[in-house]
Trainee: 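Sharing a structure below in structure tokens format, with a few things to ask.
Values below: all heavy atoms of this structure, side chains included; hydrogens, waters and symmetry mates excluded. One is the number of the first residue; the rest follow in order along the sequence.
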Amino acid sequence: MNSIKVKKPSKTKGIVTFLLIIVIIWASALNTDVSFQKLWDGLPNMGTLLNEMFPPDWSYFKSITEPMLATIRMAVLGTTFGGIVAIPVALLSSSNVVRIPVVYQIARFIMNLVRTIPELLLAALFVPIFGIGEIPGILAISVFSFGIIAKLFYEAIETIDPGPLEAMTAVGANKIQWIFFGVIPQVIAHYASFFLYSFEINIRAAAILGYVGAGGIGLFLYNALGFFQYDRVLSIIIYTFIVVVIVDAISNKIREKLL
């Protein structure tokens, strides 16, 4: 019985890939003026900053509880509004739901365009329009959430089993029935997972939107840094870390149940 010879992968390809990565890293460091010497020179300053941050101002937790709750509310409302708008756009972007190329290409273009704008920039654009407060933050998170959820949701829709859709078409179901009873049941768990994933991201993002006047804990962080109150900065970081860990744990448990 003839033995099958397995061809060994070429070492040349691996070496070329490795060298290419090294060249890219080296060129990036060169053009951004990054060096280990500068990192080493900055270590004493890092030590000084850490020394000023410890111990944290534990009494400051009472003052930042309300802005932290405002940050969470911003993430909840922003994610909800963005998630709702993402549903019809994701359906319009799916080629197996909308058979007209012009329609789903336009929907995808809008979705991708929105995703190119970061939350901080969106908040900076909304603050001059609506003023300093939580509304610009909510709107910025809504737009950002829409881009993420719509992108992930439409990709999930395009991978559904076409069998139930073909069966419904055969018995004369209209488009609305086709979507509600053939598409949505197959992707609702994925949608909930994407929604929770976006919410996790938005909790972190909402914490820094205050830098541009969008309210929440970020405004207190900005003020603490501005007045060199590094013990309060550490208190805000610890508080934010605790909230993010709790939200992530709850979100992961819910996603496990759904999927």
Trainee: Please answer whether the main-chain N or O of Ser198 pairs with a side-chain N or O of Ser145 as donor and acceptor at a distance below 3.5 Å.
Mentor: no

Trainee: When you look at Ile87 and Tyr191, which way does the side chain to side chain contact (heavy atoms under 4.5 Å, CB included) test go after all the steps?
Mentor: CA-CA 9 Å; Ile87 295 174; Tyr191 173 80; 3.7 Å; yes

Trainee: Does a side-chain heavy-atom distance below 4.5 Å link Arg115 with Asn112?
Mentor: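 Counting from C-beta outward, Arg115 and Asn112 do come under 4.5 Å.
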
Trainee: Can you give me the closest heavy-atom contact between Ala205 and Glu119, atom names plus distance?
Mentor: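 Heavy-atom minimum between the residues: CB-OE1, 2.7 Å.
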
Trainee: Rounded to the nearest 0.5 Å, what separation is found between the CZ atom of Phe153 and the CD atom of Glu158?
Mentor: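 So the gap between those two atoms works out to 12.0 Å.
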
Trainee: Can you give me the closest heavy-atom contact between Gln186 and Asp161, atom names plus distance?
Mentor: OE1-N, 2.9 Å

Trainee: Atom CG in Leu92, atom CD1 in Ile100: separation rounded to 0.5 Å?
Mentor: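 Going from the CG atom of Leu92 to the CD1 atom of Ile100 covers 10.0 Å.
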
Trainee: Can you tell me how far OG of Ser94 sits from CZ of Arg108, rounded to the nearest 0.5 angstrom?
Mentor: 7.0 Å

Trainee: Can you check side chain to side chain contact (heavy atoms under 4.5 Å, CB included) on Asp248 and Arg204, steps first, answer last?
Mentor: CA-CA 11 Å; Asp248 283 356; Arg204 300 176 181 89; 2.6 Å; yes

Trainee: Is there a side-chain contact between Tyr60 and Ile236 in this structure, where contact means two heavy atoms from C-beta onward sitting under 4.5 Å apart?
Mentor: yes

Trainee: State, with a plain yes or no, whether a side-chain heavy atom of Trp58 is found less than 4.5 Å away from one of Ile238.
Mentor: yes

Trainee: Kindly indicate whether the side chain of Leu91, heavy atoms from C-beta on, has any atom under 4.5 Å from the side chain of Ile157.
Mentor: yes

Trainee: Is there a chain of hydrophobic side chains (I, L, V, M, F, W, Y, each step under 4.5 Å between heavy atoms) that links Phe109 to Val98?
Mentor: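 Different clusters: Phe109 never reaches Val98 through Ile, Leu, Val, Met, Phe, Trp or Tyr contacts under 4.5 Å.
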
Trainee: Does the side chain to side chain contact (heavy atoms under 4.5 Å, CB included) test come out yes or no for Tyr222 and Ile208, once each step is laid out?
Mentor: CA-CA 8 Å; Tyr222 177 79; Ile208 62 170; over 6 Å; no

Trainee: If you apply the rule side chain to side chain contact (heavy atoms under 4.5 Å, CB included), what do you find for Ile141 with Phe81, and how did you get there?
Mentor: CA-CA 9 Å; Ile141 292 173; Phe81 295 152; over 6 Å; no

Trainee: Rounded to the nearest 0.5 Å, what separates atom CG in Leu125 from atom CD1 in Ile117?
Mentor: 7.5 Å

Trainee: Give the minimum heavy-atom separation between Ile72 and Phe199, together with the two atoms involved.
Mentor: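 Between these two residues, the closest heavy atoms are O-CE1, 4.4 Å.
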
Trainee: Once you round to the nearest 0.5 Å, how far does CZ of Arg99 lie from OH of Tyr104?
Mentor: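 Answer for the CZ-OH pair, Arg99 versus Tyr104, is 9.5 Å.
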
Trainee: Heavy-atom count around Tyr197 OH within 6.0 Å, excluding the residue itself: above 12?
Mentor: no

Trainee: If we check side chain to side chain contact (heavy atoms under 4.5 Å, CB included) with Leu19, which of these qualifies: Val16, Ile21, Ile15?
Mentor: Ile15

Trainee: What heavy-atom pair brings Phe194 and Ile149 nearest, and what distance separates the two atoms?
Mentor: O-CG1, 4.2 Å

Trainee: State, with a plain yes or no, whether a side-chain heavy atom of Asn223 is found less than 4.5 Å away from one of Arg232.
Mentor: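 Not touching, per the 4.5 Å side-chain cut-off.
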
Trainee: Side chain to side chain contact (heavy atoms under 4.5 Å, CB included) with Thr79: which of Leu196, Asn202, Ile203, Ile148?
Mentor: Asn202

Trainee: Answer with yes or no whether the hydrophobic clustering places Phe241 together with Ile64; edges join I, L, V, M, F, W, Y residues whose side-chain heavy atoms lie under 4.5 Å apart.
Mentor: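 No, Phe241 does not connect to Ile64 through the hydrophobic network.
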
Trainee: Shared ILVMFWY cluster between Val233 and Phe227, side chains joined below 4.5 angstrom?
Mentor: no

Trainee: Are Thr80 and Phe195 packed together at the side-chain level, in the sense that at least one heavy-atom pair is separated by less than 4.5 angstrom?
Mentor: yes

Trainee: Determine the minimum heavy-atom distance between Ala107 and Ser93, stating which atoms define it.
Mentor: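 Heavy atoms of Ala107 and Ser93 come nearest at CB-OG, 3.3 Å.
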
Trainee: Decide if atom CD1 of Ile132 counts as having more than 12 heavy atoms of other residues, nucleotides or ligands within a radius under 6.0 Å.
Mentor: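 At most 12 heavy atoms, drawn from other residues, nucleotides or ligands, come within 6.0 Å of this atom.
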
Trainee: Determine the minimum heavy-atom distance between Gln177 and Met168, stating which atoms define it.
Mentor: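 Closest heavy-atom pair between Gln177 and Met168: O-CE, 3.1 Å.
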
Trainee: Going by heavy atoms in the side chains, are Phe54 and Asp231 under 4.5 Å from each other?
Mentor: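 Answer no - side chains too far apart.
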
Trainee: If you group Ile, Leu, Val, Met, Phe, Trp and Tyr by side-chain heavy-atom gaps below 4.5 Å, do Ile138 and Val127 land in one group?
Mentor: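 As far as the 4.5 Å side-chain criterion goes, Val127 and Ile138 are not connected within one cluster.
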
Trainee: Within the supplied structure, the quantity of interest is the number of heavy atoms (other residues, nucleotides, ligands) at a distance under 6.0 Å from Ile201 CD1; does it exceed 12?
Mentor: yes

Trainee: Kindly indicate whether the side chain of Asn45, heavy atoms from C-beta on, has any atom under 4.5 Å from the side chain of Leu49.
Mentor: no

Trainee: Which value, rounded to the nearest 0.5 Å, describes the distance between Glu66 atom CD and Ile217 atom CD1?
Mentor: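 Reported to 0.5 Å precision, the distance equals 10.0 Å.
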
Trainee: Determine, using the 4.5 Å side-chain heavy-atom cutoff (strictly less than), whether Ile24 and Ile22 are members of one ILVMFWY cluster.
Mentor: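 Ile24 does not cluster with Ile22.
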
